[in-house]
Visitor: 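The structure follows.
In listed order, ligands and their atoms are each counted from 1.
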Amino acid sequence: MSERTLETDVVIVGAGPAGLIGALALADAGLTVALVAPPAPPADHRTTALLSGSVEAIDRLGAWTGIEKDAAPLRTMRLVDGTRRLVRAPEIAFHASELGLEAFGYNVANGVLTERLGAAVATRADRIARIETAATDVALTESRATVTAEDGTVVTARLAVGADGRQSMVREAAGISVKTWRYPQTALVTNLQHSQPHFDTSTEFHTETGPFTLVPLGRGRSSLVCVERPAEAERLSALDDGALGAELERRSRSILGALTPTGPRQTWPMTGLRADTLARRRAALVGEAGHAFPPIGAQGLNLGIRDVVALAELVRRARLRGDDVGGEALTARYQSARRADVATRTFGVDLLNRSLLTDFLPVQIGRTVMLQLARDVGPIRKLLMREGLRPRLFQSV
Ligand SMILES: Cc1cc2nc3c(=O)[nH]c(=O)nc-3n(C[C@H](O)[C@H](O)[C@H](O)COP(=O)(O)OP(=O)(O)OC[C@H]3O[C@@H](n4cnc5c(N)ncnc54)[C@H](O)[C@@H]3O)c2cc1C
């Protein structure tokens, strides 16, 4: 194994969507970047609903045109109470046109997203050095971050960005403790062809076991996220195409007509995670290295993209001032800029998910009243739509 040394402003560990967008944003902020990650990330058959703030961010980085042609617009978002409980929430539909928008966002396959972001990273080879193996060691001191890769490359930088997902090595090296928890749920994901059009409408049924969501993925096609008890998710996953299609059509009340599963199926156990802080000792966490929760309301990666954009902006300003781009002032500013957004999303999604799982009547009544207000009271409705897309907290960074 040959040893190569490299010195950059920033070293990023992990090339999932958060790491790739981070590399682009930091390079465009004028920094030199090393991106340490294996060339082929683990197979990911999910899709991501990217909300408009995320689409704008990716567009500003010049990477959206490559993605757009394979992305499906989401013009209406519908919530349906699919429980059989005594107290049920009213059906509610939000239209992007109410906010004067073409679409709330776009749904895109994760494989397409990372491939196209990777292609955009390759166009900045003068500023982004890709080290295409896993990081095996991260060392952080007061003055330096050092990442050693499996191929022997040693990168030293002023800031290490942990975009290395839930088991983050950067987080551990920074001594950041993390709270994790499990839900009695597993998500089954696959893609579907259907006989009826989706009219660019994403539909989230709220059931007693979790959300059951159909998101447009192109003409006559949608992606499925079916959150179920773990044994039931595995049972569904093992059904043949005909039986699974029939079962999903029943659960979706035939709103898209006959359903035919296409492509691979994957199951994702539902867990939650929250790091005690997003930054310490020359390390900053972005995406699921810092926070994770169940897929309700398409919040996960959108929150991660806001981390990345905020971090790049703070680093850009620090660089312009001639400050240390990984120093204590920067890490403190980053943590303070992201704390409220991360805390409120994690809390809100957790609360909504748990409110589906419990039979406790006052909770059911509370959820019903909340959704009724969102349906009937214009200002609350608009506030919810805007906050879902692009929280004010983020704009103030
Ligand atoms: C079923 C489901 C549906 C979802 N749908 C949506 C949605 O519609 N909208 C939305 O916004 N969010 C959604 N999410 C959440 C979203 O998928 C995640 O937030 C997102 O994938 C996290 O991206 P990331 O880059 O932070 O982490 P990851 O995608 O986990 O990437 C981390 C990367 O780091 C790499 N890595 C780990 N360790 C090392 C190491 N030592 N060295 C180098 N590399 C390393 C890994 O291989 C991986 O490639 C969904 C989640 C689930 C489970």
Side-chain angles (χ1 to χ4, degrees), residues 11-23 34-51 53-55 72 74 77 104-111 113-114 117-118 130-138 147-151 153 155 160-173 183 185-190 202 204 210-213 215-217 223-228 233 265-273 285-308 345-346 349 388-389:
V11 56
I12 300 176
V13 180
L20 291 164
I21 297 170
L35 179 59
V36 183
D44 183 343
H45 300 299
R46 293 172 294 180
T47 66
T48 297
L50 290 169
L51 300 176
S54 300
V55 171
L74 308 174
M77 289 193 173
F104 285 117
Y106 292 79
N107 191 34
V108 60
N110 284 15
L113 181 66
T114 47
L117 290 170
R130 274 200 87 151
I131 292 98
E132 298 198 307
T133 55
T136 52
D137 187 60
V138 177
V147 172
T148 307
E150 212 170 5
D151 68 355
T153 306
V155 187
V161 176
D164 46 351
R166 295 174 185 226
Q167 311 294 331
S168 173
M169 184 182 268
V170 175
R171 187 179 67 219
E172 203 182 316
Y183 297 94
Q185 295 165 300
T186 291
L188 166 68
V189 301
T190 191
S202 140
E204 192 167 280
F212 173 96
T213 312
V215 193
L217 193 56
S223 57
L224 167 82
V225 179
C226 170
V227 179
E228 253 298 348
R265 302 166 189 177
Q266 252 182 352
T267 53
W268 295 81
M270 294 292 92
T271 56
L273 175 156
L285 307 179
V286 295
E288 289 203 337
H291 45 75
F293 42 71
I296 299 186
Q299 293 295 316
L301 180 58
N302 288 289
L303 184 64
I305 293 175
R306 294 200 291 276
D307 296 340
V308 162
R345 299 291 133 170
T346 310
V349 169
L389 289 181

Visitor: Please find the pair of heavy atoms, one from Ala149 and one from Ile131, that lie closest to each other, and give the distance.
Guide: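 For Ala149 and Ile131, the tightest heavy-atom pair comes out as CB-CG2, 3.6 Å.
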Visitor: If you take all heavy atoms of Leu20 and Ala15, which pair is closest and at what distance?
Guide: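 Where Leu20 meets Ala15 most closely, the heavy atoms are CD1-O, 3.5 Å.
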Visitor: For ligand 1, output the ligand-protein N/O contacts shorter than 3.5 angstrom; if there are none, return none.
Guide:
{"from": "ligand 1", "atom 1": "8 (O)", "to": "Ala49", "atom 2": "N", "distance (Å)": "2.9"}
{"from": "ligand 1", "atom 1": "9 (N)", "to": "Ala49", "atom 2": "O", "distance (Å)": "3.4"}
{"from": "ligand 1", "atom 1": "11 (O)", "to": "Leu301", "atom 2": "N", "distance (Å)": "2.8"}
{"from": "ligand 1", "atom 1": "11 (O)", "to": "Asn302", "atom 2": "N", "distance (Å)": "3.0"}
{"from": "ligand 1", "atom 1": "11 (O)", "to": "Asn302", "atom 2": "ND2", "distance (Å)": "2.9"}
{"from": "ligand 1", "atom 1": "12 (N)", "to": "Leu301", "atom 2": "N", "distance (Å)": "3.0"}
{"from": "ligand 1", "atom 1": "17 (O)", "to": "Arg46", "atom 2": "NH1", "distance (Å)": "3.1"}
{"from": "ligand 1", "atom 1": "19 (O)", "to": "Glu288", "atom 2": "OE2", "distance (Å)": "3.3"}
{"from": "ligand 1", "atom 1": "19 (O)", "to": "Leu301", "atom 2": "N", "distance (Å)": "3.3"}
{"from": "ligand 1", "atom 1": "25 (O)", "to": "Pro17", "atom 2": "N", "distance (Å)": "3.4"}
{"from": "ligand 1", "atom 1": "25 (O)", "to": "Ala18", "atom 2": "N", "distance (Å)": "3.0"}
{"from": "ligand 1", "atom 1": "26 (O)", "to": "Glu288", "atom 2": "N", "distance (Å)": "2.9"}
{"from": "ligand 1", "atom 1": "41 (N)", "to": "Ala135", "atom 2": "O", "distance (Å)": "3.2"}
{"from": "ligand 1", "atom 1": "42 (N)", "to": "Ala135", "atom 2": "N", "distance (Å)": "2.9"}

Visitor: Can a side-chain donor-acceptor contact be found between Ser202 and Asn107 if the only test is distance below 3.5 angstrom?
Guide: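 No, because no side-chain N or O of Asn107 sits under 3.5 Å from a partner of the opposite role on Ser202.
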Visitor: Drop me the distance from Ile305's CD1 to Leu51's CG, to the nearest 0.5 angstrom.
Guide: 9.0 Å
Visitor: Kindly compute the distance separating CG (Leu285) from CG (Asp164), expressed to the nearest 0.5 Å.
Guide: 8.0 Å
Visitor: List the atom of Ala289, the atom of Leu273, and the distance in Å for their closest heavy-atom pair.
Guide: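 The answer is O-CD2, 4.0 Å.
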